[in-house]
Amino acid sequence: RKIAAMNGIQYATYCSGGSVWFTKNDGTGWSAEKTVYLGTTARNSSIAVAYEAPYIAIHIVWDFDYVDIGQTTRRVGYMKSTDDGAHWTGRTLIYGEPAGTDIYPVVTASPSGAIAIWKYSAYPGGGLIAKPLPLLDGAVAPYTVLRGTGVNTGIPSVDNFKVVYN
């Protein structure tokens, strides 16, 4: 379970049974868990919250297997809520890697939007990919590849990324 907090409220996401789940704790206990993405292979979810005037935005990313015309790839999915988790955008596919690739997506957010970060295996030394997530009008920016210098191991860290990105 991954947890993010803002204004005394804890927001959590986790994957179970191949689906992505969400719950929150406003100080009186955890709310009923709800499925935000019904799937069969979802895993490695991450959550971030930020104040995006005039509301709090909740961002969730995860990876899953995607099959298209008989070809399976590992994808990063993204969803956003702007009403405290009552409703969610439709799933957005933001990236694909070959099937079986471990990509461990994480998300970070600020008042100006969110950025997803995940492992990238195409370069021999590995690396990370950073991609600004869709804005309310659907606009997106291209992704940035941060090339690794060693073996492609480990799980991306939002904190480490901020040091490199700034």
Side-chain angles (χ1 to χ4, degrees), residues 1-66 74-97 101-120 128-141 143 146 153-166:
R1 187 176 280 201
K2 303 294 185 337
I3 298 175
M6 177 168 270
N7 297 338
I9 300 174
Q10 295 175 311
Y11 301 89
T13 184
Y14 64 95
C15 294
S16 179
S19 295
V20 179
W21 296 79
F22 170 79
T23 184
K24 66 181 179 179
N25 182 348
D26 62 5
T28 62
W30 289 99
S31 66
E33 299 165 334
K34 65 169 49 175
T35 306
V36 295
Y37 170 71
L38 183 61
T40 58
T41 63
R43 64 194 152 271
N44 304 318
S45 63
S46 176
I47 189 168
V49 296
Y51 182 72
E52 293 180 17
Y55 50 81
I56 292 176
I58 307 166
H59 305 269
I60 295 178
V61 295
W62 69 96
D63 69 81
F64 65 102
D65 292 331
Y66 181 80
R74 181 75 45 91
R75 295 287 182 108
V76 176
Y78 166 71
M79 294 177 80
K80 177 179 180 177
S81 173
T82 57
D83 61 4
D84 215 30
H87 301 92
W88 295 85
T89 61
R91 178 195 69 193
T92 300
L93 302 176
I94 57 175
Y95 189 72
E97 281 271 343
T101 304
D102 292 323
I103 49 183
Y104 301 105
V106 293
V107 64
T108 185
S110 73
S112 60
I115 296 177
I117 307 151
W118 60 90
K119 279 176 54 174
Y120 183 59
L128 300 178
I129 287 187
K131 180 173 177 59
L133 295 172
L135 304 174
L136 289 178
D137 63 3
V140 295
Y143 60 81
L146 305 172
T153 61
I155 299 173
S157 164
V158 172
D159 293 328
N160 291 341
F161 173 76
K162 286 179 183 175
V163 170
V164 172
Y165 191 70
N166 291 337

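Note that the structure is predicted; figures quoted are calculated from it, not measured.
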Next item on the list: State, to 0.1 Å, how close Ala50 and Met6 come at their nearest heavy-atom pair, and which atoms those are.
Entry: CA-CE, 3.7 Å
Margin query: Checking ring-ring contact (aromatic ring centres under 6.0 Å, His included) between Tyr37 and each of Tyr14, Trp21, Trp62, Phe22, which is the one that passes?
Written below: Trp62
Item checked: Heavy-atom pair of closest approach, residues Ser81 and Ala86 -> OG-N, 4.0 Å
Notebook entry, point to check: Do Ser31 side-chain atoms and Lys24 backbone N/O form a donor-acceptor pair below 3.5 Å?
Noted result: yes
Next item on the list: Would you please say whether a donor-acceptor pair under 3.5 Å links the side chains of Tyr55 and Asp84?
Entry: no
Notebook entry, point to check: When you measure from the side chain of Ser19 to the backbone N and O of Gly39, does any donor-acceptor pair fall under 3.5 Å?
Noted result: yes
Check: For Ser46 and Asn44, does a side-chain donor sit closer than 3.5 Å to a side-chain acceptor?
Finding: no
Note to self: Quick check for you: to the nearest 0.5 Å, what is the distance between Ile3 atom CD1 and Thr13 atom OG1?
What the structure shows: 10.5 Å
Checklist line | Nearest atoms (heavy-atom pairs only) where Val76 meets Pro105 | finding: CG1-CB, 4.0 Å
Notebook entry, point to check: Do you know the tightest heavy-atom contact between Val20 and Cys15?
Noted result: CG2-SG, 4.1 Å
Check: Quick one: are Arg91 and Arg75 in side-chain contact, heavy atoms under 4.5 Å?
Finding: no
Checklist line | Side-chain heavy atoms of Ile58 within contact of Trp88, under 4.5 Å | finding: yes
Note to self: Return the CD1 to NZ distance between Ile60 and Lys2, rounded to the nearest 0.5 Å.
What the structure shows: 11.5 Å
Item checked: All pairs passing salt bridge (charged side-chain N to carboxylate O under 4.0 Å, His left out) where residues 25-51 contributes a residue, at least two apart -> Arg1-Glu33, Arg43-Asp63, Arg43-Asp65
Check: Just how far is it from atom CG of Leu93 to atom OH of Tyr78, taken to the nearest 0.5 Å?
Finding: 13.5 Å
Next item on the list: Identify the heavy atoms of Lys80 and Ala57 that sit nearest to each other, and give their distance.
Entry: CE-CB, 3.8 Å
